[in-house]
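Chain letters run A, B, ... following the sequence lines, proteins first, then strands; residues in each count from 1. Just so it is clear, the values below take in all heavy atoms, side chains as well, and ignore hydrogens, waters and symmetry mates.
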Amino acid sequence: MAEESFDPRAVRLGKLQALRARGVNPYQPTRFDVTAHSADLHANYEEWEGRTVRVAGRVMAIRTHGRAMFLDLADEEGKIQCHIREDIVGPELFGLTEYLDLGDILGVEGTVFKTRRGEISIEVQTFEYLSKSLLDLPDKRHGLTNIDLRYRQRYLDLLVNPEVRRVFDIRSRTITFIRQFLAERHFTEVETPVLLPLAGGTEARPFATHHNALDMTLYLRIALELHLKRLIVGGFDRVYEIGRVFRNEGVSTKHNPEFTMLELYQAYTDYEGIMRLVEDLLAALVRHLQGSSELTYQGQVLHFAPPFARVDMVERLWEKTGVRWEDIHSTADAHALARKLGIAVDPQFDRAQVMDKIVGSVVEPDLVQPTFLWHHPVDISPLAKRDPHHPHLTERFELFVAGRELANAFSELNDPLDQRERFLAQQEQRRQGNDEVPPLDEDFLNALEHGMPPTGGLGIGIDRLIMLLTDSPSIKDVILFPTMRPLGSVDEL
RNA sequence: GGGCCAUUAGCUCAGUUGGUUAGAGCAUCCGCCUUUUAAGCGGAGUGUCGAAGGUUCGAGUCCUUCAUGGCCCA
């Protein structure tokens, strides 16, 4: 070798060629029968000591020692140290360790023992390359800390930052728990369409796409609500979906353009019934994951013990500002109130949007412990049933935790004529240029006209729930592959 | 959309008031080492300083624009 190459990939390609020259193709093996995992070897050493095991994993550390070497092999649950001695594996096999790199996938067979220093290890009898890594792993001490790269190359983040794996384990366990919880209560899980001729169920800008064969614009769903309620009409008395919804809006620590919602609908109950269900679900979930009803989020200790506190939205607004919601009659009144309170508001906002913003600024941040904010005015709740005693208010609540909305629920409006009027009022806003207002869904109204039983409905933002449960400050931390701007132009990809 | 900050080796980072040939740890490469574990010992620096312009005798450093990300605000 006249010139030594220092390019890591070129060096590794050279090792790959050398292996192949010796008749070893690390990409050839199709299986390796594993008989033990690292975590179990550590947890139950006495049972494993002296036994022969087969373990597979990624090489995370190599410590050569002349005619022997130690390496740390990482499998899904942890790491196990392996000791390879030339006099045990033989010079031919030992020679292959010359081409071993960090990141390679290895299968080893050997006996379980403890080193002089007490490290549970495998004395390797034989080993096999199961894959070769051509690129360097991130720094073993610092891991991968560049936030951009952590999200773009999540596979590396997962390999070198073990706490990331924990977040997604909790995510998986949470969703499994919710499914079990709802199954025990006789809810049926369903799947409703993602691609729709019109996207409704909330106010948000949808993504548009095009169906070639039908030559029509289709929109990605922004909520699950209207289809699940069609199913209530269709006789599913307890129905839910956990699914991705898409909203064409900004990206922040609290917003990702695609995120996961749980929506459930239960016939013959109301928002009080749903409130109890939310309390039971969250209390059971936190206990399942934490072993207690306490949860610490960003330094705040949260208590998930029913019953959760309840705050009347209109009353609390009055306490905070001295203003009654029903005294704000016009958009101008609302903007004047916002100015008086020093709250910056988009000048395009209408009365309801401004009031929503004001509540968001003066009421919601105080709701740290799990709290139901309830009795929303009807003009910001177009799908919720009116409170029979206060027709300008609705039987609605939002659950706030750590100052953030976690759930939204109401007694579902099943009066098709009232629903039509509210949709028509929305269409007026739409004509005035509010492109977050969905178009009128005639088919949904048609379903309601066939008769929907009294129903309680609930939506929970799963990603925000996982943020709480994993003490994650950013929604990107709980989404494996968050939406990112691509590096370079898309054409190059 | 606005403000602030970041971008230097494969990874994590340092880099003085603008000054010679841009540094460290890990990783990598070469040599030694059969119970080490942030293994150790000896040797080697592998770089389009995010991109493009500009100022200057001289730019990683100053200016402008752009790109990506982060934090805060809307």
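Note on A:Lys15: only backbone sugar-phosphate atoms sit closer than 4.0 angstrom, heavy atoms only; bases stay farther off. Using a 4.0 Å heavy-atom criterion, one finds that A:Asp87 contacts the bases of the nucleic acid, with or without backbone contacts as well.
Proximity of a side-chain donor or acceptor of A:Asn44 to a complementary backbone N or O of A:Glu47 within less than 3.5 Å is not detected.
Residue A:Tyr99 contributes atom OH, which lies 16 Å from atom P of B:rU28 at whole-angstrom precision. Atom CD1 of A:Ile62 is separated from atom P of B:rA27 by 10 Å (rounded to the nearest Å). Counting to the nearest Å, the P atom of B:rC33 and the CE atom of A:Met69 are 14 Å from each other. A:Gln153 places its CD atom 11 Å from the C1' atom of B:rG10, with the value rounded to the nearest Å. As a whole-Å value, the separation of A:Leu102 CG from B:rA39 P is 10 Å. If you measure from atom NZ of A:Lys114 to atom C1' of B:rU36, you get 17 Å, rounded to the nearest angstrom. The interatomic distance linking A:Arg150 (CZ) with B:rA6 (C1') rounds to 16 Å, in whole Å. To the nearest angstrom, P of B:rU34 lies 22 Å from CD1 of A:Ile122.
Checked by distance alone, A:Glu86 brings no side-chain donor or acceptor within 3.5 Å of a matching partner on the base of B:rU34. Judged by atom type and distance alone, A:Arg63 reaches the base of B:rU36 through a side-chain donor-acceptor pair under 3.5 Å. For B:rU37, its base never sits under 3.5 Å from the side chain of A:Arg117 at any donor and acceptor pair.
Across all strands shown, B:rC5 is found opposite B:rG69 as a Watson-Crick or G-U wobble partner, with both distances under 3.5 Å. Nucleotide B:rU35 forms a pair with no other nucleotide shown, judged by Watson-Crick or G-U wobble geometry with both contacts under 3.5 Å. Remark: B:rC11 base-pairs with B:rG25. Criterion, Watson-Crick or G-U wobble with two distances under 3.5 Å. Across all strands shown, B:rU48 forms no Watson-Crick or G-U wobble pair with both key distances under 3.5 Å. Under the Watson-Crick or G-U wobble criterion, with both distances below 3.5 Å, B:rC57 is paired with B:rG19.
Nucleotides B:rC26 and B:rG43 place their P atoms 14 Å apart, quoted to the nearest Å. Nucleotides B:rG53 and B:rC71 have their P atoms positioned 32 Å apart, rounded to a whole Å. Nucleotides B:rU46 and B:rC29 place their P atoms 16 Å apart, quoted to the nearest Å. Taking the P atom of each, B:rC62 and B:rC49 are spaced 16 Å apart, rounded to whole Å. Atom P of B:rA9 sits at a distance of 15 Å from the matching atom of B:rG15, rounded to the whole Å. Nucleotides B:rG58 and B:rC11 have their P atoms positioned 33 Å apart, rounded to a whole Å. Annotation: B:rU36 and B:rC32 have their C1' atoms spaced 16 Å apart (nearest Å). Comparing the P positions of B:rU16 and B:rA27 gives an interatomic distance of 28 Å, to the nearest angstrom.
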Using side chain to side chain contact (heavy atoms under 4.5 Å, CB included), reason through A:Tyr219 and A:Thr209 one step at a time and then give a plain yes or no. CA-CA 6 Å; A:Tyr219 298 92; A:Thr209 186; over 6 Å; no
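Close to B:rU36, at under 4.0 Å from its OP1 or OP2, lies a side-chain N or O of A:Arg116.
The closest side-chain donor-acceptor pair between A:Tyr151 and A:Asp477 falls under 3.5 angstrom. With 3.5 Å as the limit, one finds no donor-acceptor pair spanning the side chains of A:Glu294 and A:Gln290. A donor atom on one side chain and an acceptor atom on the other are found under 3.5 Å apart for A:Arg404 and A:Tyr297.
Nucleotides of RNA chain B nearest to A:Gln81 and A:Lys476 differ in position, and the one nearer the 5' end is that of A:Gln81. Sequence order on RNA chain B of the closest nucleotides to A:Ser474 and A:Phe70 puts A:Phe70 first from the 5' end.
In the set B:rU35, B:rC11, B:rG69, B:rG69 carries the atom at the smallest distance from any side-chain atom of A:Met484. Of the candidates B:rU68, B:rU37, B:rC33, B:rU37 carries the atom nearest the A:Glu119 side chain, counting heavy atoms from C-beta on. With B:rA27, B:rG69, B:rU35 as the choices, the nucleotide that has an atom nearest any side-chain atom of A:His83 turns out to be B:rU35. Of all nucleotides listed (B:rG69, B:rU36, B:rU34), B:rU34 comes nearest to the side chain of A:Ala68.
Under a cut-off of 6.0 angstrom, the local environment of CD in A:Gln298 is crowded, with over 12 non-hydrogen atoms contributed by other residues, nucleotides or ligands.
Considering only residues two or more places apart in sequence or on other chains, A:Asp333 meets the side-chain contact (heavy atoms from CB on, under 4.5 Å) condition with A:Ile328, A:His329, A:Ser330.
Remark: A:Thr253 in residues 245-254 of chain A come within less than 4.0 Å of RNA chain B through at least one heavy atom.
When side chains are defined from C-beta on, A:Thr296 does not count as touching A:Leu302, because their heavy atoms never get closer than 4.5 Å. A heavy-atom distance below 4.5 Å is found between the side chains of A:Phe207 and A:Pro257.
In this structure, A:Tyr271 has its ring center at least 6.0 angstrom away from the ring center of A:Phe410.
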